[in-house]
Amino acid sequence: MATQQPALVLDPTGAGHHAEHRVLRERGPATRVDVLGVEAWSVSDPALLKQLLTSPDVSKDARAHWPAYGEVVGTWPLALWVAVENMFTAYGPNHRKLRRLVAPAFSARRISAMRPAVEKMVTGLVDRLAALPAGEPVDLRQELAYPLPIAVIGHLMGVPEDRREGFRALVDGVFDTTLDQAEAQANTERLYEVLDQLIAAKRATPGDDMTSLLISARDDEGDGDRLSPEELRDTLLLMISAGYETTVNVIDQAVHTLLTRPDQLALVRKGDVTWGDVVEETLRHEPAVKHLPLRFAVTDVPLPDGRTIARGEAILASYAAANRHPDWHEDADTFDATRTVKEHLAFGHGVHFCLGAPLARMEVTLALESLFGRFPDIRLADPAEELPPVPSLISNGHQRLPVLLHAG
């Protein structure tokens with residue numbers, strides 16, 4: 001029987017996360033952690049994590065399966081992550097209902113049909129970069145990684161262009177784990193105000209977009225699977241935030257990786273690997289989400305080392321630590337776009353696997369291809385070690401990504 005270790009307090013700023021993830025792996029397949037004052041089991045062993053992510057003994061419904069929910073939800077800065085009512089927190093038949101309503105937006109046909117629009121958005125952003133004064137640093141997180149996913153998800157969801165920046169700032173707050181409870185609550189309230197305004201606007205003037213389709217499903221009295229008002233609002237929140245924040249980070253990390261590993265960029269330029277290979281290795285090596293809160297044990301869950309995740313205890317899916325587990329990938333800390341085994345957990349696993357994965361892959365691939373094709377001499381403007389991470393134990397990106405686009 002393994003001895004119980006004291007909980008490892010996770011750094012809310014996200015600084016030094018690679019070292020922190022090594023400690024998680026060293027402590028075993030699962031270990032107790034403190035997530036902003038809430039204790040949970042961090043699971044970093046990929047085999048165990050995949051098992052739990054597909055087990056009916058693990059739920060995402062905090063209201064039904066987390067005894068601490070009522071006590072925690074009023075004080076925890078990450079309360080929104082467990083309190084929303086959408087497919088992110090749903091379990092069993094309710095999850096299947098909600099996913100079935102959203103899935104058509106991400107069908108292969110619809111994603112393929114969006115490609116010309118995404119290509120146009122990418123071209124426009126890269127054209128704008130080319131028009132900037134030569135020789136001056138450009139923050140690619142601000143000028144490419146942010147605006148592209150916002151434009152794409154805005155197009156998909158029917159968010160007017162003049163409202164997209166407002167959503168961006170509020171979604172950033174959802175992922176910022178340095179906010180205290182009052183700041184997080186204020187951000188949530190403002191986000192819901194903006195979502196309610198979008199719903200009212202689309203109800204008054206429907207369009208050919210996912211928001212209008214979801215409102216129609218909500219308002220159709222004859223549909224037994226119709227959304228509740230809370231499910232409608234929280235489903236929009238999920239689609240806008242998940243479709244935006246994560247893709248920002250993948251673009252950021254992919255560009256950063258190629259600019260700090262010229263050997264990998266050379267492989268692409270020579271045709272030895274594809275942009276798709278780069279995207280997949282970025283998703284493994286630096287996934288957009290480090291830890292995803294939370295899941296809950298529906299019944300006692302035995303662990304390989306003899307310990308038990310007791311019924312009602314919280315579980316943290318530590319995707320980034322799992323992706324670099326040495327039992328899964330050889331030389332796992334090294335970025336290698338030529339890897340034969342390209343598996344990762346960046347988009348989750350099982351019934352909660354990210355519906356937007358094909359769209360995100362498309363966006364990042366097109367952005368990289370256009371950026372590096374247009375600016376063959378692009379390089380970092382600041383040393384890589386001086387680029388601070390976003391303040392989050394969830395999101396995995398840089399606060400800024402300054403580059404010089406031209407040789408000088």
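Any value given below was found using the heavy atoms of this structure, including those in side chains, with hydrogens, waters and symmetry copies removed.
- Salt-bridge formation is not detected for the pair Asp139/Arg141: no Lys NZ or Arg NE/NH1/NH2 atom is positioned less than 4.0 Å from an Asp or Glu carboxylate oxygen.
- No hydrogens or angles considered: a donor-acceptor pair under 3.5 Å links the side chains of Asp234 and Tyr192.
- Panel note: side chain His329, backbone Glu343; a donor-acceptor pair is recorded below 3.5 Å.
- Between the side chain of Lys202 and the main chain of Gly158, a donor-acceptor pair closer than 3.5 Å is present.
- Proximity of Val152 to Met114: side-chain heavy atoms (C-beta onward) are separated by under 4.5 Å at one or more points.
- With ring centers used as reference points, Trp41 lies 6.0 Å or more from Phe296.
- Annotation: Glu385, atom CD; neighbour count of heavy atoms from other residues, nucleotides and ligands within 6.0 Å is above 12.
- The shortest side-chain heavy-atom distance between Ile153 and Phe167 does not fall under the 4.5 Å cut-off.
- Judged by distance alone, with hydrogens and angles left aside, the side-chain atoms of Glu231 form no donor-acceptor pair with the main-chain N or O of Asn86 at under 3.5 Å.
- When side chains are defined from C-beta on, Leu227 counts as touching Leu214, because their heavy atoms get closer than 4.5 Å.
- The side-chain contact (heavy atoms from CB on, under 4.5 Å) test with Tyr244 is passed by exactly one of Leu148, Ile150, Val159: Ile150.
- A salt bridge links Glu119 with Arg115: the closest approach of a Lys/Arg side-chain nitrogen to an acidic carboxylate oxygen falls below 4.0 angstrom.
- Using modelled atom types, one finds a donor on one side chain and an acceptor on the other under 3.5 Å when comparing Ser42 with Ser318.
- At least one side-chain heavy atom of Val279 sits under 4.5 Å from a side-chain heavy atom of Leu368.
- For the pair Leu49 and Asp45, the minimum side-chain heavy-atom distance is 4.5 Å or more.
- Donor-acceptor pairing under 3.5 Å is lacking for the side chains of Gln264 and Thr257.
- Using a cutoff of 4.0 Å between basic side-chain nitrogens and carboxylate oxygens, Arg63 and Glu85 are scored as salt-bridged.
- If you check the side chains of Trp76 and Gln181, you find no donor sitting under 3.5 Å from an acceptor.
- A salt bridge links Arg400 with Asp382: at least one charged nitrogen is closer than 4.0 Å to a carboxylate oxygen.
- Annotation: side chain of Met121 is in contact with side chain of His155 (closest heavy-atom distance under 4.5 Å).
- Checked against the 6.0 Å centroid threshold, Phe88 and His352 do not count as a close aromatic pair.
- Between Tyr319 and Phe347 there is no side-chain heavy-atom pair separated by less than 4.5 Å.
- Distance alone, capped at 3.5 Å, is enough to place a donor-acceptor pair between the Glu20 side chain and the Asp11 backbone.
- The pair Asp57-Arg311 does not meet the salt-bridge criterion, since no charged nitrogen lies less than 4.0 angstrom from a carboxylate oxygen.
- In summary, Asp127 and Arg374 engage in a salt bridge, as defined by a charged side-chain N under 4.0 Å from a carboxylate O.
- Remark: the Glu193 side chain and the Gln197 side chain contain no N/O donor-acceptor pair separated by less than 3.5 Å.
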Inset, instruction - Please assess Leu8 against Asp34 for the test side-chain contact (heavy atoms from CB on, under 4.5 Å), listing each intermediate value before the final yes or no. - result: CA-CA 6 Å; Leu8 175 69; Asp34 180 300; over 6 Å; no
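- With hydrogens and angles disregarded, no donor-acceptor distance shorter than 3.5 Å links the side chain of Ser55 to the backbone of Gln51.
- The side-chain contact (heavy atoms from CB on, under 4.5 Å) test with Pro147 is passed by exactly one of Arg164, Arg128, Arg168: Arg128.
- For the 3.5 Å distance criterion, the side chains of Thr334 and Asp336 fail to qualify, holding no donor opposite an acceptor.
- Side-chain atoms of Asp377 do not come within 3.5 Å of backbone N or O of His406 as any donor-acceptor pair.
- In this structure, Pro137 and Leu404 have side chains that are in contact, with non-hydrogen atoms separated by less than 4.5 Å.
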Inset, instruction - Mind running salt bridge (Lys or Arg N to Asp or Glu O under 4.0 Å) on Arg339 and Asp277 for me, showing each step along the way? - result: CA-CA 8 Å; Arg339 286 184 189 275; Asp277 293 327; over 6 Å; no
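- Between the side chains of Asp61 and Ser59, not a single donor N or O lies within less than 3.5 Å of an accepting N or O.
- Ion pairing of Lys342 with Glu281 is absent here, as no side-chain N (NZ or NE/NH1/NH2) approaches a carboxylate O to less than 4.0 Å.
- Using modelled atom types, no side-chain atom of Lys290 and backbone atom of Pro287 make a donor-acceptor pair closer than 3.5 Å.
- Judged purely by distance below 3.5 Å, without hydrogens or angles, the side chains of His398 and Asp252 pair a donor atom with an acceptor atom.
- The backbone N or O of Ala288 lies less than 3.5 Å from no partner atom in the side chain of Gln253, so there is not a single donor-acceptor pair.
- Side-chain contact check for His285 and Arg324: at least one donor-acceptor pair (N or O, by modelled atom type) lies under 3.5 Å.
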Inset, instruction - Show the numbers, then the answer: is there a ring pair (Phe, Tyr, Trp, His ring centres under 6.0 Å) between His21 and His291? - result: CA-CA 10 Å; His21 297 166; His291 306 280; 5.2 Å; yes
Inset, instruction - Go through Leu355 and Val102 one step at a time and tell me if the side-chain contact (heavy atoms from CB on, under 4.5 Å) criterion holds. - result: CA-CA 9 Å; Leu355 280 170; Val102 172; 3.9 Å; yes
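- In this structure, Ser212 contributes its side chain and Asp208 its backbone to no donor-acceptor pair below 3.5 Å.
- Residue Glu330 places its CD atom among 12 or fewer non-hydrogen atoms of other residues, nucleotides or ligands, all under 6.0 Å distant.
- Using modelled atom types, no side-chain atom of Thr308 and backbone atom of Ala310 make a donor-acceptor pair closer than 3.5 Å.
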